[in-house]
Asker: 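Got a structure for you, questions after.
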2 protein chains.
Amino acid sequence: MEMNVRKKGILKAVINEYILTAEPIGSRTISKKYDLNVSSATIRNEMADLEDLGYLQQPHTSAGRIPSDKGYRFYVDSLIDIEKIPGSFEEMIRKKYLVRKKEVQDIVQVTSRMLSHLTRYTALVASPSSPDYFFQHLQLVPLEGKKVAVIVVISSGLVQHQTVTLQNRPAREELEHISRLINERLQGLPLKNINNEIFRALEKELRDKTLFRELYKSLVEFISEEGTNQEWGKIHLDGATNILEQPEFSDLEKVKVFLKLFEQEDMLKQLLNQIPTEGLKVVIGREVPLEEIRDCSLVVADYSFQDKTVGKMAILGPTRMNYPKVMATVNFMAEVLSKVLREED
Amino acid sequence: MEMNVRKKGILKAVINEYILTAEPIGSRTISKKYDLNVSSATIRNEMADLEDLGYLQQPHTSAGRIPSDKGYRFYVDSLIDIEKIPGSFEEMIRKKYLVRKKEVQDIVQVTSRMLSHLTRYTALVASPSSPDYFFQHLQLVPLEGKKVAVIVVISSGLVQHQTVTLQNRPAREELEHISRLINERLQGLPLKNINNEIFRALEKELRDKTLFRELYKSLVEFISEEGTNQEWGKIHLDGATNILEQPEFSDLEKVKVFLKLFEQEDMLKQLLNQIPTEGLKVVIGREVPLEEIRDCSLVVADYSFQDKTVGKMAILGPTRMNYPKVMATVNFMAEVLSKVLREED
DNA sequence: GCTTAGCACTCTACCATAAGGAGTGCTAAC
DNA sequence: GTTAGCACTCCTTATGGTAGAGTGCTAAGC
């Protein structure tokens, strides 16, 4: 026994219907709502076959069928009608990006908000992660006492800063000397090319080596890839409460697990990183690499900056999510974001 | 009929017990657990009186009593045993502040996290709001094309930045000219003294007035009190999911209202601003100026920087919250934070 | 006159049982 | 291969009945 056209049609009908209702689907529902030109008894037989094949499952003997993870997988891979996003939408979305000042963090935030609004699920957007950014400018601003503000500007206007408390009150000239030298040597360099050797070479040329060493630590944090302080890679989350609208989350325990997860950014970061993406990827139920949300699905897409993949966005929802709509939306948003970033440049 | 010592004792016992169990409290429970040297029948009579007086209420005829808002109010004002925070705690909390780099936003975040951890309720902390900060430094960094990064440093190391896209590619010298002049004139000025007149006076002295006008807008946003872009005043929230542990939130609808509120920062900001504080303030049930959370209580305290009140922190929990513990904790954290900020200076 | 034991009464929470309904699988006829 | 018919299963909902907690009232005691 194997798949045939009719089985596919029935599977598709069951999944479409289940996505809408969240209730087990019976044979009569299918025969009435979908024009398959066969009786409910025939559909019953086919559904029993689909269950044997692993695409459907039955909560209990006298209930209708619900899709299994395997069923969703087949649906997403072979049965889905890709939804078309009307071109007029792009204009609307672009307007949202214009409202905010165009900083990376804001763009990411707007994106996550829109994704969650459009899909009514939870959106995750990772901000651009250490791509081929260039070093632009370093500024050392003396503050009161022994404190210095270290400000680093990176290509496309990303600014990071930190306050460092030194052993002694630094001389203004020394700070200027250091920052002038660093700016001379590093300006325009890709961040990934800036390594310890460059810093060591710099150190040799400096008068006040102690001061440099004190500042060095925070510079590394900003600049080098291993830096722990990076704004990039941060996860923006939006629409966490949308899951409460889903009937599969009527159980408080489940909600708890979910929301607790959202308070741990590391976990989300790891989650997204564990999913390899080329374009659009759907991860269904058991395939999800995080135990707590094995009864959910993820639709992930990557977005690019200067034609390099720099970040990811994802929708997290129940396995019974509206795949056609979500896939179309995520794909679309990734494209628009990439375009917006390119133009920003 | 009015309050007497025994009534007060019974009211206190009922509230203490209810805080622990979240169940209506019967007369027998009180007579057994608390040494009041009277029988349950007497307590029954007194409880009926307390109900007439409005301090207690009965969910239904044959249930025990639960405190009313008025009851909690009396408890908080007159009956409470202030809990003592052991001095050793301060050391522990200070350590937490040391872990992070000492930026205002981080300090605020650490504070909210600790508040929610210590109390097991939801914590809100407003970051310092436009106090007597001083202007420290302005830096204009040219980026690719027509873009300029505007970076402003304020006393105690608060840094804000924004990217501005200009009409034309600016000349490096002009940017330097402008920033030099602004730094000369504004350095050390309290932000609240920097007004339009000063900017207008500045404009007169500048060569490239067009460029200045373009930058002017974002400067105003950072500096002036009406600025919309202010980091300060932002609300940090932590422990939102803690409310799920409370039995009064076993109803999903209630949870929804609560969590939806948390996604709206404006509302939270407004909420805190509507509560006048001098030291520690408790807002109970109906007293809360936000309809959605009228069955909750807030414990609010303000913290200071350079001996001026600059921000607020609050714990939000059910009216049946552990007032002695929460009040002690909030008070304590506000003090420690104020101390930490003073030392940071 | 305040306190208390005793008791009838009320209301909820819980459990068991029953009825209703949706949906299946199987059989036999087409 | 398809379909009508039917017995069967299992869930859901409603019903009734009971146990338990707690009250308010009364009358006796100190």
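Basis for what follows: all heavy atoms, side chains included, without hydrogens, waters or symmetry-related copies. Convention: sequence-line order gives letters A, B, ...; per-chain numbering from 1.
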Asker: Whole angstroms only, please: what is the CG-C1' distance between A/N37 and D/dT2?
Answerer: 13 Å
Asker: When the distance from CG of B/L36 to C1' of C/dT3 is rounded to whole Å, what number comes out?
Answerer: 14 Å
Asker: The criterion is side-chain contact (heavy atoms from CB on, under 4.5 Å); which residues satisfy it with A/K70, sequence neighbours excluded?
Answerer: A/Y55, A/S68
Asker: Encode nucleotides 18-30 of chain D as B, S and - characters from 5' to 3', where the letter depends on protein heavy atoms closer than 4.0 Å: B to the base, S only to sugar-phosphate, - to neither.
Answerer: ---BSBB------
Asker: I need the full list of salt bridge (Lys or Arg N to Asp or Glu O under 4.0 Å) pairs touching residues 257-268 of chain A, with sequence neighbours left out, sorted by first then second residue.
Answerer: A/K260-B/E245
Asker: Out of D/dT2, C/dT12, C/dT3, which nucleotide sits closest to the side chain of B/H60?
Answerer: C/dT12
Asker: Which donor-acceptor pairs under 3.5 Å do the side chains of residues 275-290 of chain A make with protein atoms, sequence neighbours left out?
Answerer:
unit_1, atom_1, unit_2, atom_2, d
A/T277, OG1, A/D302, OD2, 3.4
A/E287, OE1, A/R73, NH2, 2.6
A/E287, OE1, A/I284, N, 3.0
A/E287, OE2, A/R73, NE, 3.1
A/E287, OE2, A/R73, NH2, 3.4

Asker: Determine which pairs satisfy salt bridge (Lys or Arg N to Asp or Glu O under 4.0 Å) with at least one residue from residues 321-330 of chain A, sequence neighbours left out, and list them in order.
Answerer: none
Asker: For residues 11-23 of chain A, pull every pair meeting side-chain hydrogen bond (donor to acceptor under 3.5 Å, both in side chains), keeping only residues two or more places apart or in separate chains.
Answerer: A/K12-A/D81, A/N16-A/Y75, A/E17-A/K33, A/E17-A/Y34
